[in-house]
Amino acid sequence: METKMVLTPEQQAILDGSKGETMAKVMKTMVNYGEIFGATKMVPVTSEYGHLVLSFGLMFLGPVFDLYQELIDEGCLSGQKFTCDPRPYDPAVPQSLIAKGAAKVIYSKQGKYEKEMRQLGLLNEDSFTCTCYMPELGNIPKKGDVLSWAESSAVVYANSVLGARCNRNSGILELFGSICGFVPYFGFLTDEGRKATWVVKLETTKMPDAQILGSAIGMKVMEDVPYVYGLDKYLGNELNDAAKTYLKDFGAATASNGAVGLYHIDGLTPEAVEFGDKLIAAGAKEYIITDEELQRVKDNYPVIWKDKNATPEMCFLGCPHMSLQQLKDWTEKLEAGLKEAGNEKVSIPTVFTTSTAVLKEFKKCPEYKRLMKTGVIISYICPLMYMDNPLCSGKAVITSSNKLRTYTTARYYSNDEILTMLTKGVK
Ligand code: F3S
């Protein structure tokens, strides 16, 4: 195959079939993908692990299962072990009997799909989470690593907080990059593509809610790169657990309410610390964020429940999956709120979602038993997959995740509002 890209002899040989016909097709797909985006070359994937976005054995994905099987049969396995997005189904999460039955049919290929993933290179059975970069999981790319990932919340985190280099690839293409070991060089892999074309100035009187700030910036800049001034005033200048957790939720909102794949936080994220305003491209646009602007953004979220005045039937927190510290913090807050209100249990069936690896650690902490006493359920599920079930999508679900709000019928409330509802009841 001929290409306008400059390939190394090794890459050209793979393209010409040195590693078999199927591997040549995988390489050809990646080269074609790069050509569409004007890539000039292919570069090696350098991270230790990959990450797959497609985690669900949806009955309608027959061609994907066939494709994976063909790759396995031809020995085209991933050159790096990979983690994977959360599983779609957990019997521990409350569902009507009929909805449970529907989920079993919808995700009837889950077992087959997971078997294929194990054969292709799944890291281990704890690997199912969108927050693979948590220390309990250990898929933490190094600064400058080139990745082949697709999960939008993980890509924006890896690029921005870890300083890795990854485009917003699609599912399957990210697996192909891990199989052939190369990805096209364009976008966020280049120094130029990492420059900010928006300057965001934070002029709020208090620390903004991460989810609303991310949403506001995402909707304004869409797929561009923002350079944010003023957030380090609240988060400090060290990427500690609290700052990373904030940026996890902030980034997921920028990536889902817009299509942000990289942001820089002045004085905090690694490239902003290293290069400062040299990262800002000439002619960058400006967005000023005040308390009023954040209120405007929040007030404009549509409520798409069938009955807008319905009493909430369920609450999901942890999209992206919660960190260990978030689980502990929520335990403290719920306990204090319930005590103050004279209640023992949360007033709405509530599910906290986190990875199995984080949950294992949480179970060793004293807060675990205390949280269980409040009636909260902890699950490894992806709430979006739960809501995708037509028999669940009509439920009056509340969440403080702007990603879940964007992709489902769930209604957004801030963490503070949800805490009040859970502990004091819904008025
Ligand atoms: Fe993670 Fe599912 Fe939310 S993949 S970011 S929990 S939509």
Side-chain angles (χ1 to χ4, degrees), residues 50-58 82-90 92-93 103 106-107 110 113-114 117 122 126-134 136-137 139 149-161 166 168-171 174-175 210-211 214-215 218 244-261 314-324 326-327 330 350-359 377-389 392-393 397-412 415 418:
H51 181 83
L52 302 194
V53 71
L54 198 59
S55 61
F56 39 94
L58 198 61
F82 53 78
T83 49
C84 187
D85 263 7
R87 287 181 165 120
Y89 179 71
D90 178 358
V93 178
I106 293 169
Y107 300 115
Q110 191 66 21
Y113 185 60
E114 288 189 20
M117 282 199 289
L122 184 71
D126 284 347
S127 301
F128 293 93
T129 178
C130 43
T131 55
C132 58
Y133 44 78
M134 292 285 164
E136 294 80 3
L137 256 292
N139 185 355
W149 293 8
E151 162 55 46
S152 66
S153 66
V155 167
V156 74
Y157 187 92
N159 272 326
S160 314
V161 180
C166 185
R168 279 174 53 107
N169 304 296
S170 75
E174 101 275 53
L175 173 62
Q211 298 275 359
S215 165
K244 285 192 221 168
T245 295
Y246 185 100
L247 295 177
K248 161 180 83 78
D249 292 339
F250 163 82
T254 65
S256 55
N257 287 210
V260 173
M314 196 162 181
C315 171
F316 270 116
L317 299 179
C319 166
H321 275 175
M322 280 193 191
S323 67
L324 185 61
Q326 274 180 306
L327 286 166
W330 267 103
T350 299
V351 181
F352 286 2
T353 51
T354 191
S355 65
T356 13
V358 167
L359 179 55
I377 293 164
I378 309 181
S379 170
Y380 52 73
I381 202 174
C382 166
L384 192 152
M385 295 290 119
Y386 175 96
M387 299 275 298
D388 263 356
N389 182 335
C392 296
S393 57
V397 171
I398 60 169
T399 184
S400 64
S401 163
N402 238 322
K403 180 169 181 178
L404 194 62
R405 173 195 72 79
T406 303
Y407 292 135
T408 70
T409 53
R411 179 171 185 172
Y412 180 86
N415 283 326
I418 286 187

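All of these numbers come straight from a predicted model, not from anything done at the bench. In listed order, ligands and their atoms are each counted from 1.
Side chain of Ser215 to main chain of Ala253: no donor-acceptor pair is present (N/O by atom type, distance under 3.5 Å, no hydrogens or angles).
Looking at Met385 against ligand 1, nothing comes within 4.0 Å, counting heavy atoms. Counting heavy atoms closer than 4.0 Å to ligand 1, residue Pro86 contributes side-chain atoms (C-beta onward) but none from N, CA, C or O.
Counting atoms of ligand 1 from 1 in the listed order, those under 4.0 Å from a heavy atom of Leu384 are 7 (S). The Lys403 neighbourhood of ligand 1 comprises atoms 5 (S), 7 (S), with distances under 4.0 Å to a heavy atom of that residue.
Residue contact annotation: Cys382 places an N/O/S atom under 2.8 Å from atom 2 (Fe) of ligand 1. Under 2.8 Å from atom 1 (Fe) of ligand 1 lies an N/O/S atom of Cys130, whether from backbone or side chain.
Atom OH in Tyr407 sits 14.5 Å away from atom CE in Met387 (nearest 0.5 Å). The CG atom of Asp249 sits 10.0 Å away from atom OG1 of Thr131, with the distance rounded to the nearest 0.5 Å. Going from atom CD of Gln110 over to atom CE of Met385 covers 10.0 Å, rounded to the nearest 0.5 Å.
Protein heavy atom at the shortest distance from atom 3 (Fe) of ligand 1 is Cys319 SG, 2.3 Å. Pro383 CD, 3.6 Å is the protein heavy atom nearest to atom 6 (S) of ligand 1.
The closest approach between Thr353 and ligand 1 stays at or above 4.0 Å for every heavy atom of the residue.
Side chain to side chain, Ser355 and His321 fail the donor-acceptor criterion of an N or O pair below 3.5 Å.
Aromatic ring pairs are classed by plane angle as parallel below 30°, tilted from 30° to 60° and perpendicular above 60°; the pair His51 and Trp149 is tilted.
Between Tyr113 and Tyr107, a ring centre-to-centre spacing not shorter than 6.0 Å is recorded.
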